[in-house]
Trainee: 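Here it is, the structure, as structure tokens.
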Number of protein chains: 2
Amino acid sequence: MTAALKIADEEGSQALTMRRLASELNSSTAMLYRHFESRADLVLQIVDCVFKEAELPASPVPQADWRQACRALARRMFAVLGQHRGVAQLLLEAPPNGPHAMVLRERALAMMLDNGFAPPLAARAYATLARFVLGFAIQLGGQSAAADEDAAQSAVFHQLDRTAFPATFALADELPVPLEEEFAFGLDLMIAGLDLLRADERER
Amino acid sequence: MTAALKIADEEGSQALTMRRLASELNSSTAMLYRHFESRADLVLQIVDCVFKEAELPASPVPQADWRQACRALARRMFAVLGQHRGVAQLLLEAPPNGPHAMVLRERALAMMLDNGFAPPLAARAYATLARFVLGFAIQLGGQSAAADEDAAQSAVFHQLDRTAFPATFALADELPVPLEEEFAFGLDLMIAGLDLLRADERER
DNA sequence: ACCTGAACACCGTTCAAGT
DNA sequence: ACCTGAACACCGTTCAAGT
């Protein structure tokens, strides 16, 4: 269980195979099928294990400002998925319906309702933010050294033909943007957008 | 090449194996390695093939409003990736640096610069929107029947204990939100947020 | 009753051997 | 010179056979 998470963390989601896990536990694959119905079942349990980790220090400080609470929640989830690369990929294989995922969703939805979001807006805002976090977390990639890849990508932009690609060339120094920065930037954009909608809703 | 795209479209990215493609072409795997250096190389070519498709009717009508242009670009890319499920997954395997991907990026960046975005903001806005589109497109999933899954998920929410999960229960009728709607909603939130930043920037 | 090794039908990739 | 089949080291899953 924790051994499985360790493999996914250190070597990426595609390294988490039944055989690999079995040999890590000095056991055989058939043995695993006594504890887990299938690989999908194993994945489900790992995923909820990570949601549990995201859950822990969530509620102690109830934030006054919903925007801060939103940011904190989303960033925390992103950070946890960043510490467990590969788990985001596993999340694609099945929707997270484990007990801890349920608790986290409940908290997030309650937070929105408590802050005066009408139900339809609360649901859409939560759903969209959750997808946003997962979408970016997936792109963190299996186990890669992000800095190296960014450097390589930057070189690609700098070597472009400036007449064929003037805009890209002009922005070569600004690209690529680190994924973590994109996430933080995009999250704040969405929260700013939500704030406008919420204000609209409340003044009606 | 188009056969490979067809397999990925119809049966998901994980169905696109060298053996499967070879047998589709009445050939053998070894033959494929004469045309493609590796599976990664095959993936690269398929990906750019899809970017080409997204490229076609992009430039004819230069939009007056950058927000409309932004929306149109992002929605078009999302739609194309939605028609080629599985390709978004393939995009994770390597950054898109094919010729058509380059052209698309150039157009998007030029659009932002032409509309008065300063370089650092243009770069971050583009990068974030591109990630956003891909992040959501990936979650469209391999080949699934989305409606069935949404119905199943809705049932999960309706069967919850209403005292343990009051907020989730209260929003059971609103959840889950269809992914396409989340995408459209989130995109408009980000554009609204960007509009605020751009206004800030221009009045300075 | 519990666990093992081998089996089955798959992967990507390579390469000797045929034509 | 071109192409094939078989090989190698993997995968998830199952199951007869051992203890």
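Letters go in sequence order (proteins before strands), and every chain restarts at 1. Please read these numbers as outputs of a predicted model, since none were measured by experiment.
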Trainee: Over how many whole Å does the gap from L16(A) atom CG to dG12(D) atom C1' extend?
Mentor: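 Rounded to whole Å, this separation is 12 Å.
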Trainee: When the distance from CG of N26(B) to C1' of dC3(D) is rounded to whole Å, what number comes out?
Mentor: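 Rounded to whole Å, this separation is 14 Å.
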Trainee: How close or far is atom P of dC10(D) from atom CD of Q14(A), stated in whole angstroms?
Mentor: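 Nearest whole value for this atom pair: 14 Å.
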Trainee: In whole angstrom, give the distance that lies between atom CD of E11(B) and atom P of dC10(C).
Mentor: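 After rounding, the gap between these two atoms is 13 Å.
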Trainee: Base, sugar-phosphate alone, or nothing: which one does R19(B) contact when heavy atoms must sit under 4.0 Å apart?
Mentor: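 Base: the residue R19(B), judged by heavy atoms under 4.0 Å, touches a nucleobase.
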Trainee: Once you round to the nearest 0.5 Å, how far does CZ of R105(B) lie from CZ of F51(B)?
Mentor: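 It comes to 8.0 Å.
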Trainee: Check for a donor-acceptor pair, side chain of R107(A) on one end and backbone N or O of E55(A) on the other, with a separation under 3.5 Å.
Mentor: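 Confirmed, R107(A) side chain pairs with E55(A) backbone.
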Trainee: Heavy atoms from C-beta onward define the side chain here; which of dC3(D), dT13(D), dT4(C) lies closest to that of R34(B)?
Mentor: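 The answer is dC3(D).
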Trainee: Please confirm whether the backbone N or O of C49(A) pairs with a side-chain atom of E53(A), one donor and one acceptor, at under 3.5 Å?
Mentor: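 Such a contact is absent between E53(A) side chain and C49(A) backbone.
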Trainee: Determine the contact category for T29(A): base if any of its heavy atoms lies under 4.0 Å from a base atom, sugar-phosphate if only primed atoms, P, OP1 or OP2 are that close, otherwise nothing.
Mentor: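 Counting heavy atoms under 4.0 Å across all strands, the contact made by T29(A) includes a base.
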Trainee: Among dG12(D), dT13(C), dG12(C), which nucleotide has an atom closest to any side-chain atom of T17(A)?
Mentor: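 When the side chain of T17(A) is considered, dG12(D) is the closest of dG12(D), dT13(C), dG12(C).
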Trainee: How far, in whole Å, is dT13(C) from dC2(D) if one measures between their P atoms?
Mentor: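 Here dC2(D) and dT13(C) have their P atoms 22 Å from each other.
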Trainee: Give DNA chain D the dot-bracket treatment, 5' to 3': Watson-Crick (N1-N3 with N6-O4 or O6-N4) or G-U (N1-O2, O6-N3) under 3.5 Å, [ ] crossing, | other strand.
Mentor: ||.|||||...|||||.||
Trainee: Would you kindly give the CG-to-C1' distance between L32(B) and dC3(D), to the nearest whole Å?
Mentor: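 In whole Å, dC3(D) C1' lies 12 Å from L32(B) CG.
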Trainee: M31(B) has an atom CE; how far is it from atom C1' of dT14(C), in whole Å?
Mentor: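 Computing the M31(B):CE to dT14(C):C1' distance gives 15 Å.
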Trainee: Ignoring the backbone of R20(A), work out which of dG5(D), dC11(D), dT13(D) is nearest its side chain.
Mentor: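 Nearest listed nucleotide: dC11(D).
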Trainee: May I ask you to check whether F132(A) and F136(B) place their ring centres under 6.0 Å from each other?
Mentor: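 No - the distance between ring centres of F136(B) and F132(A) does not fall below the 6.0 Å cut-off.
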Trainee: Tell me if a side-chain donor or acceptor on R67(A) pairs with a main-chain N or O of L194(A) at a distance below 3.5 Å.
Mentor: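 No; zero donor-acceptor contacts below 3.5 Å.
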Trainee: Distance check, P atoms only: dC8(C) and dA7(D), in whole angstrom units.
Mentor: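 Going atom to atom, P in each nucleotide, I get 16 Å.
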Trainee: Indicate the ring-plane relationship of F183(A) and F78(A), choosing parallel, tilted or perpendicular according to the 30° and 60° boundaries.
Mentor: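 F183(A) vs F78(A) ring planes: parallel.
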Trainee: Taking atom CG of L5(A) and atom CG of L21(A), what is their separation to the nearest 0.5 Å?
Mentor: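 One finds 11.0 Å between CG of L5(A) and CG of L21(A).
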Trainee: Between dC3(C) atom P and L25(A) atom CG, what is the distance in whole Å?
Mentor: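 It works out to 13 Å between those atoms.
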Trainee: If I take atom CD1 in residue I7(A) and atom C1' in nucleotide dC10(D), what distance separates them, rounded to the nearest angstrom?
Mentor: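 Checked: the CD1 to C1' distance equals 15 Å.
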Trainee: Closest approach to the side chain of R39(A), judged atom by atom: which nucleotide of dC3(D), dT4(C), dT13(D) is it?
Mentor: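 That would be dT13(D).
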